[in-house]
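Take a look at the structure set out below.
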Amino acid sequence: MGVALRDIIAPYKHPAESQDLTGVASVDAFNALYQFLSIIRQPDGTPLMDKEGRITSHLSGIFFRTTNFLQQGIQPVWIFDGKPPELKARTIGERRAVREEAQEKWDQAKREGDTAGAFRYAMASSKLDDEVLSSARNLLDLLGIPVINAPSEGEADASNMVRTGVARYVASQDYDTLLFGAPLLVRNLTVSGKRRSHGRMVNVLPETVVLDDVLTGLNLTREELIDVAILVGTDFNEGAVGVGAKTALKKIKAGEFKEVVALKLPDIDPEPIRNFFLNPPVSGNYPIEWKKPDHDRIISFLCGDYGFSEDRINPVLEKISGRGKQRTLDSWF
DNA sequence: CGACACTA
DNA sequence: TAGTGTCGG
């Protein structure tokens with residue numbers, strides 16, 4: 001879900017120039033996988049599946065997006081979540097409840113012939129199970145994409161990688177990475193930059209958010225931005241009822257953080273939450289190396305194991321490893 | 001989501 | 001060739 005800071009951060013978002021996107025991108029793996037699982041579905045919400053009923057939506061998303069990135073000079077590193085902090089237990093429980101309810105509503109909508117509703121509930125029922133996670137890791141490995149296993153929140157390590165100069169930016173839809181101190185966040189990181197179907201056709205272009213611009217523009221320290229987030233609600237605490245980003249910002253500016261917490265969030269202790277954003281557990285060790293995509297094993301994995309059509313996969317692999325753009329790609333490996 | 005076919 | 005729709009697994 002992420003923290004609802006969009007209303008105050010929106011003025012500091014910039015459309016990304018393609019040169020801003022080249023280089024090492026720390027991809028928030030869970031964020032990307034949820035996106036693929038949610039959206040890559042049939043109109044009634046049924047995900048892509050192989051003959052045995054295993055979900056393959058994420059494999060399609062990973063394959064086509066990654067091969068696009070490599071051609072465009074983007075070097076992705078995928079950062080996977082480790083063990084969630086105890087502070088996150090409430091959020092995890094809530095998400096499970098929402099997911100399970102969506103599952104039921106999806107079935108119901110399908111029975112009633114409510115296609116649009118079915119799609120919406122199907123999206124909300126998306127779950128990253130072991131099968132999805134391990135097949136995603138398998139495919140990334142075959143594509144030669146490095147993977148980092150965060151000890152805790154992937155967003156924390158992804159942000160730390162940018163802070164320490166290992167990566168140029170974090171690729172995520174969520175603003176939480178700014179709280180973790182990521183100097184540069186890129187949202188909607190896709191190369192096709194096209195539009196989206198289902199409902200309206202909207203142009204979705206990559207956008208960058210520079211943490212320093214946000215802090216300078218709002219005249220906040222990062223600690224204060226974290227306090228704004230705590231009032232709104234984060235993965236580690238429920239927010240104050242009726243307090244959105246703009247109200248929270250006003251309260252912080254007025255120096256009323258403690259008062260709002262005492263009045264509206266009497267059960268939360270802000271200190272461990274602040275501390276988690278400021279000093280999260282991170283790996284700090286990022287041995288990243290890109291390898292050439294393993295053409296034969298990718299075919300065997302996607303087409304042999306998961307029923308993808310060779311006619312769709314082969315041309316893409318030939319495009320990235322064949323003569324045409326080889327020079328560009330070879331310079332990284 | 002992203003590829004591809006089709007249309008004007 | 002830009003816009004629109006459909007398919008993929």
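Please read all numbers here as calculations on a predicted model, not as lab measurements. Quick note on labels: first sequence line is chain A, next is B, and so on, each numbered from 1.
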Self-check item: Those residues of residues 48-65 of chain A lying under 4.0 Å from DNA chain C by at least one heavy atom
Solution: A:Leu48, A:Met49, A:Thr56, A:Ser60

Self-check item: Nearest-angstrom distance from the residue atom CD of A:Glu310 to P of C:dG8
Solution: 16 Å

Could you pull out all donor-acceptor pairs under 3.5 Å where a side-chain atom in residues 22-32 of chain A meets a protein atom, sequence neighbours excluded?
residue	atom	partner	partner atom	Å
A:Thr22	OG1	A:Gln19	O	3.2
A:Thr22	OG1	A:Arg168	NH1	3.1
A:Asp28	OD1	A:Asn31	N	3.4
A:Asp28	OD2	A:Ser172	OG	3.2
A:Asn31	OD1	A:Gln173	N	3.0
A:Asn31	ND2	A:Asp174	OD2	3.3

Self-check item: Nucleotide B:dG2, atom P - distance to CG of A:Asn188 in whole Å
Solution: 10 Å

Quiz item: How long is the line joining CD1 of A:Ile39 and P of B:dA3, in whole Å?
Solution: 15 Å

Self-check item: Qualifying residues under side chain to side chain donor-acceptor pair (under 3.5 Å), relative to A:Arg54, sequence neighbours excluded
Solution: A:Asp50

Exercise. Give me the other members of the hydrophobic cluster that A:Ile92 sits in, counting Ile, Leu, Val, Met, Phe, Trp and Tyr linked by side-chain heavy atoms under 4.5 Å, directly or via other members.
Key: none

Quiz prompt | DNA chain B-proximal residues of residues 15-33 of chain A, any heavy atom under 4.0 Å | solution = none

Quiz item: Tell me: CG of A:Asn314 to P of B:dA3, nearest whole Å?
Solution: 16 Å

Quiz item: Between A:Leu37 (CG) and C:dG8 (P), how many Å, whole number?
Solution: 20 Å

For residues 112-120 of chain A, which side-chain donor-acceptor pairs fall under 3.5 Å, sequence neighbours excluded?
residue	atom	partner	partner atom	Å
A:Glu112	OE2	A:Gln108	NE2	3.2
A:Asp114	OD1	A:Gly117	N	2.9

Show every donor-acceptor pair shorter than 3.5 Å between a side-chain atom in residues 243-264 of chain A and any protein atom, with sequence neighbours excluded, or say none if there are none.
residue	atom	partner	partner atom	Å
A:Lys253	NZ	A:Leu218	O	2.2
A:Lys253	NZ	A:Asn219	O	3.3
A:Lys264	NZ	A:Val241	O	3.1

Quiz item: Taking only residues two or more places apart in sequence or in another chain, which ones pass side chain to side chain donor-acceptor pair (under 3.5 Å) with A:Arg99?
Solution: none

Exercise. Would you kindly give the CZ-to-P distance between A:Arg41 and C:dT6, to the nearest whole Å?
Key: 20 Å

Exercise. Return the value, rounded to whole Å, for the distance between atom CG of A:Asn68 and atom C1' of B:dC4.
Key: 14 Å

Exercise. Whole angstrom is fine here: how far is it from CZ in A:Phe308 over to C1' in C:dC7?
Key: 13 Å

Exercise. Is it possible for you to check whether A:Arg6 lies under 6.0 Å from the centre of the six-membered ring of A:Tyr175, through NZ or CZ, and within 45° of that ring's axis?
Key: no

Can you list, pair by pair, the side-chain donor-acceptor contacts under 3.5 Å of residues 270-288 of chain A, counting residues two or more places apart and other chains?
residue	atom	partner	partner atom	Å
A:Glu271	OE1	A:Arg274	NH1	2.9
A:Arg274	NE	A:Asp227	OD1	2.7
A:Arg274	NH2	A:Asp227	OD1	3.4
A:Arg274	NH2	A:Asp227	OD2	3.0
A:Asn275	OD1	A:Asn279	ND2	3.1
A:Ser283	OG	A:Asn285	N	3.1
A:Ser283	OG	A:Asn285	O	3.1
A:Tyr286	OH	A:Asp157	OD1	2.4
A:Tyr286	OH	A:Asn160	ND2	2.8
A:Tyr286	OH	A:Gly284	N	3.1

Self-check item: Contact under 4.0 Å: A:Arg312 side-chain N or O vs C:dG9 OP1/OP2
Solution: yes

Quiz item: Any side-chain heavy-atom pair from A:Thr56 and A:Leu302 closer than 4.5 angstrom?
Solution: no

